[in-house]
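Each chain gets a letter, A, B and so on, in the order the sequences are listed, and its residues count up from 1.
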There are 2 protein chains.
Amino acid sequence: MTTLADVAAKAGVSKSTVSRAFSRPESVRAETRGRVLATAHELAFTPNRIARSLAIGRTGSIGLFVPDIANPYFGPVIKTVQRNARRHDLTVFTADTDEHDEDEHALAQTMAQQADGLLLFSPRMSEAAILDLTGRLPVVVINRDIPGVPAVVIPSTDGMTQAVEHLAALGHRHIAYLSGPATTFSNRARRAAVLAATQRFGLQLTQLGPFEAVFTGGIRAGDLLIASGATAAIAYNDLIALGLMQRLTERGLRVGNDISVIGFDDIWLAPMTQPPLTTVRAPAAAAATSALRMLIDIMDGRADADRRPTPLASELMVRLSTGPVAR
Amino acid sequence: MTTLADVAAKAGVSKSTVSRAFSRPESVRAETRGRVLATAHELAFTPNRIARSLAIGRTGSIGLFVPDIANPYFGPVIKTVQRNARRHDLTVFTADTDEHDEDEHALAQTMAQQADGLLLFSPRMSEAAILDLTGRLPVVVINRDIPGVPAVVIPSTDGMTQAVEHLAALGHRHIAYLSGPATTFSNRARRAAVLAATQRFGLQLTQLGPFEAVFTGGIRAGDLLIASGATAAIAYNDLIALGLMQRLTERGLRVGNDISVIGFDDIWLAPMTQPPLTTVRAPAAAAATSALRMLIDIMDGRADADRRPTPLASELMVRLSTGPVAR
DNA sequence: ATGAAAGCGCTAACAT
DNA sequence: ATGTTAGCGCTTTCAT
């Protein structure tokens with residue numbers, strides 16, 4: 001491996017000059033700079049980031065934690081964060097926590113030392129664990145509310161209220177909410193919104209679950225839903241809604257006619273299903289962007305600068321998986 | 001931030017002892033070790049990985065590059081690699097190259113300095129770029145064939161041959177192949193396999209595309225397929241096949257009856273579609289596991305050790321999107 | 001504009 | 001078993 005010193009020797013200058021030629025080019029005479037850069041190129045030299053990090057105390061990268069990288073919902077999130085970070089010369093390291101609570105903290109600890117900041121999407125780890133991390137480096141959480149920890153939450157109340165209102169307008173009197181992972185912030189928020197709205201619109205609510213936030217969770221939910229007698233269901237997320245539709249269809253029900261289904265997230269698959277899925281569009285990418293901006297502000301010491309998060313809203317996308325109640 | 005030195009001072013020992021207490025605990029007297037570890041804990045000290053990396057010349061992490069993190073196909077791949085790497089005390093940094101050829105190399109260059117090895121899945125970057133990387137650190141590529149570069153390829157010939165054979169047996173005489181990204185190794189391999197098999201079984205082959213390897217690519221393919229007059233199509237991957245089915249249905253055709261569709265990958269969605277998708281199961285996770293093993297061998301200097309890759313096979317999963325040719 | 005030297009936090013011979 | 005010392009490759013005062 002070629003180092004600064006090699007280049008310096010060959011170019012007949014000091015290490016400092018080579019260093020400067022890379023980091024503050026204008027501070028070195030054009031001629032010298034040219035010679036240095038040329039020999040650097042000739043020697044195929046690239047500055048060692050590790051050494052650089054040690055010297056300046058920053059790594060130039062951030063960690064992004066998502067609960068399930070296989071969930072189509074997170075694809076756009078990851079891509080968006082990566083694209084925006086790049087503009088700030090930050091590399092993003094994405095880690096999948098796989099809903100695996102203990103590992104999540106261990107992994108975060110590791111990451112905490114090779115990153116300048118952390119973006120935690122729907123973290124499941126304990127509050128204590130998160131507070132521990134925030135003590136070590138800048139952290140912004142998405143979809144979690146912990147006193148003192150900078151956060152962006154994806155709103156669910158407006159969309160969920162619209163969902164219930166929509167079902168009420170279609171004549172449904174008894175609906176079900178299909179819980180996702182029981183203890184998560186997201187599930188609590190969505191369930192509370194549905195509960196409040198059903199009371200407001202005078203609907204009967206049955207709560208089913210919890211179900212894992214995956215397709216097979218929805219499959220399992222199908223039979224429970226039928227047994228419940230509800231004429232419509234609002235699922236924790238689209239993956240569950242998709243599995244649900246599948247199972248209902250297998251059971252001979254026509255989704256959108258005999259029974260209505262609403263999801264949450266609006267993943268790219270949602271408009272493509274048969275029938276297309278009515279769902280709440282949650283602005284995940286926007287939330288992630290907003291969170292990244294906050295994180296960078298904190299990392300740059302602009303801690304209290306414009307810390308008003310971008311106002312976000314969720315919104316019901318009406319498609320064909322919901323229809324007038326069957327009589 | 002607390003350092004080794006702080007702990008050493010407070011515990012009344014030298015830095016080396018503290019260092020040893022962490023890295024080779026048995027080499028330090030139990031009593032001393034206890035005292036050191038206690039004060040380390042008390043001071044909330046965690047060894048700085050960056051400094052450690054610089055000193056030992058290894059980072060303890062590897063980079064995993066995938067073309068599209070949003071493709072459900074890669075979810076299991078990423079999870080598998082992460083799980084296996086963890087057993088070797090390696091952290092995995094996943095990067096999405098987003099089919100963005102230039103960036104891919106730049107990102108890889110960056111990663112090359114904070115990782116001990118690289119796993120490149122279906123890389124699109126130039127051969128020169130890959131060779132450049134292999135000169136810097138251990139690299140294993142998946143689904144690409146470059147002389148001198150360790151590789152694992154996911155077989156497509158057997159599965160594709162079975163696919164064509166299957167269609168021939170169903171009475172199809174004219175089929176279409178829907179190309180993915182034109183220049184990729186994977187597309188060339190799959191197309192060649194289909195071509196050879198159609199010749200062998202005496203079928204007429206129409207080649208359509210190239211299409212982007214996403215759902216909307218398949219949508220666009222639908223009308224072209226109908227115009228071609230073929231009675232069945234084999235798509236580059238499942239995402240294209242899904243979009244295709246969607247469009248064919250919109251055009252009033254009954255997939256599996258009026259026209260047959262075969263995909264490639266066998267993503268988790270494939271059995272869930274209406275009708276369930278006949279597709280070639282490609283052992284991506286197994287390939288990734290095998291590639292990781294090779295990478296670790298190379299990193300550990302066991303370069304030429306058991307370098308026989310695990311034999312892999314692809315296999316047709318027959319479902320309902322294929323059926324006897326309509327007469 | 002350039003150089004010399006100290007130091008980032010850790011590890012690894014080499015001593016003792 | 002523990003301490004001393006010299007780096008790992010880079011940045012950054014402080015001189016010149």
Side-chain angles (χ1 to χ4, degrees), chain A residues 1-40 43-61 89 91 109-110 112-116 136-137, chain B residues 1-40 43-61 89 91 109-110 112-116 136-137:
Chain A
M1 167 173 274
T2 83
T3 76
L4 255 191
D6 300 332
V7 178
K10 179 132 193 213
V13 296
S14 76
K15 295 196 306 172
S16 336
T17 303
V18 179
S19 174
R20 283 192 273 256
F22 278 90
S23 43
R24 278 192 299 113
E26 73 283 2
S27 74
V28 70
R29 190 156 47 104
E31 190 216 330
T32 326
R33 189 195 325 143
R35 184 157 37 97
V36 169
L37 260 29
T39 67
L43 264 39
F45 164 79
T46 39
N48 179 321
R49 279 181 68 115
I50 301 276
R52 174 158 219 278
S53 296
L54 183 58
I56 67 179
R58 282 179 293 107
T59 64
S61 46
D89 276 317
T91 321
Q109 301 257 42
T110 302
Q113 291 159 199
Q114 30 214 327
D116 299 335
R136 297 175 181 275
L137 81 172
Chain B
M1 165 174 277
T2 82
T3 75
L4 255 191
D6 301 332
V7 179
K10 180 133 192 217
V13 296
S14 76
K15 295 196 306 174
S16 339
T17 303
V18 180
S19 173
R20 283 193 273 259
F22 278 91
S23 42
R24 278 192 301 113
E26 72 284 2
S27 74
V28 69
R29 191 155 48 105
E31 190 217 330
T32 327
R33 190 196 324 143
R35 182 157 37 94
V36 168
L37 260 29
T39 67
L43 264 39
F45 163 78
T46 41
N48 180 321
R49 277 181 68 115
I50 300 277
R52 174 159 219 279
S53 296
L54 184 58
I56 67 178
R58 282 179 294 109
T59 64
S61 46
D89 276 318
T91 320
Q109 300 256 42
T110 302
Q113 290 158 204
Q114 29 215 326
D116 300 336
R136 298 175 180 275
L137 80 172

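Pairs passing the salt bridge (Lys or Arg N to Asp or Glu O under 4.0 Å) check and including a residue from residues 16-29 of chain A, sequence neighbours excluded, read A:R29-A:E31.
At a threshold of 4.0 angstrom between heavy atoms, the contacts of A:S53 with the nucleic acid are absent.
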Candidate pair B:T32 and B:T17, rule side chain to side chain contact (heavy atoms under 4.5 Å, CB included), full reasoning:
CA-CA 9 Å; B:T32 327; B:T17 303; 4.1 Å; yes
After noting the C-alpha distance and the side-chain angles of B:V28 and B:V36, does the key distance pass the side chain to side chain contact (heavy atoms under 4.5 Å, CB included) rule?
CA-CA 10 Å; B:V28 69; B:V36 168; 6.0 Å; no
Just by protein heavy atoms under 4.0 Å, how would nucleotides 3-16 of chain C read 5' to 3' in B, S and -?
BBB--BBBBBB---
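Heavy-atom minimum distance, A:V18 versus A:V13: CG2-CG2, 3.8 Å.
For the helix from C:dA1-D:dT16 to C:dT16-D:dA1, the rotation axes defined at the first and last 5 base pairs enclose an angle of 30°, given to the nearest 10°.
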Taking only distance into account, with no hydrogens and no angle test, what donor-acceptor pairs under 3.5 Å do side-chain atoms of residues 43-56 of chain A form with protein atoms, sequence neighbours excluded?
| unit_1 | atom_1 | unit_2 | atom_2 | d |
| --- | --- | --- | --- | --- |
| A:T46 | OG1 | B:R136 | NH1 | 3.2 |
| A:N48 | OD1 | A:I50 | N | 2.7 |
| A:N48 | OD1 | A:A51 | N | 3.0 |
| A:R49 | NH2 | A:T59 | O | 2.9 |
| A:S53 | OG | A:R49 | O | 2.8 |
| A:S53 | OG | A:R58 | O | 3.2 |

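With A:R33 contributing its side chain and A:A21 its backbone, the two residues share no donor-acceptor pair below 3.5 Å. At least one donor-acceptor pair under 3.5 Å links the side chain of B:S61 to the backbone N or O of B:Q114. At least one donor-acceptor pair closer than 3.5 Å links the side chain of A:S23 to the backbone N or O of A:S19.
Close approach of DNA chain D to chain B, defined as any atom under 4.0 Å from a non-hydrogen atom of the protein, starts and stops at D:dA1 to D:dG9.
Listed by chain and residue number, nothing satisfies the side chain to side chain donor-acceptor pair (under 3.5 Å) test with B:K15 (two or more places apart in sequence, or in another chain).
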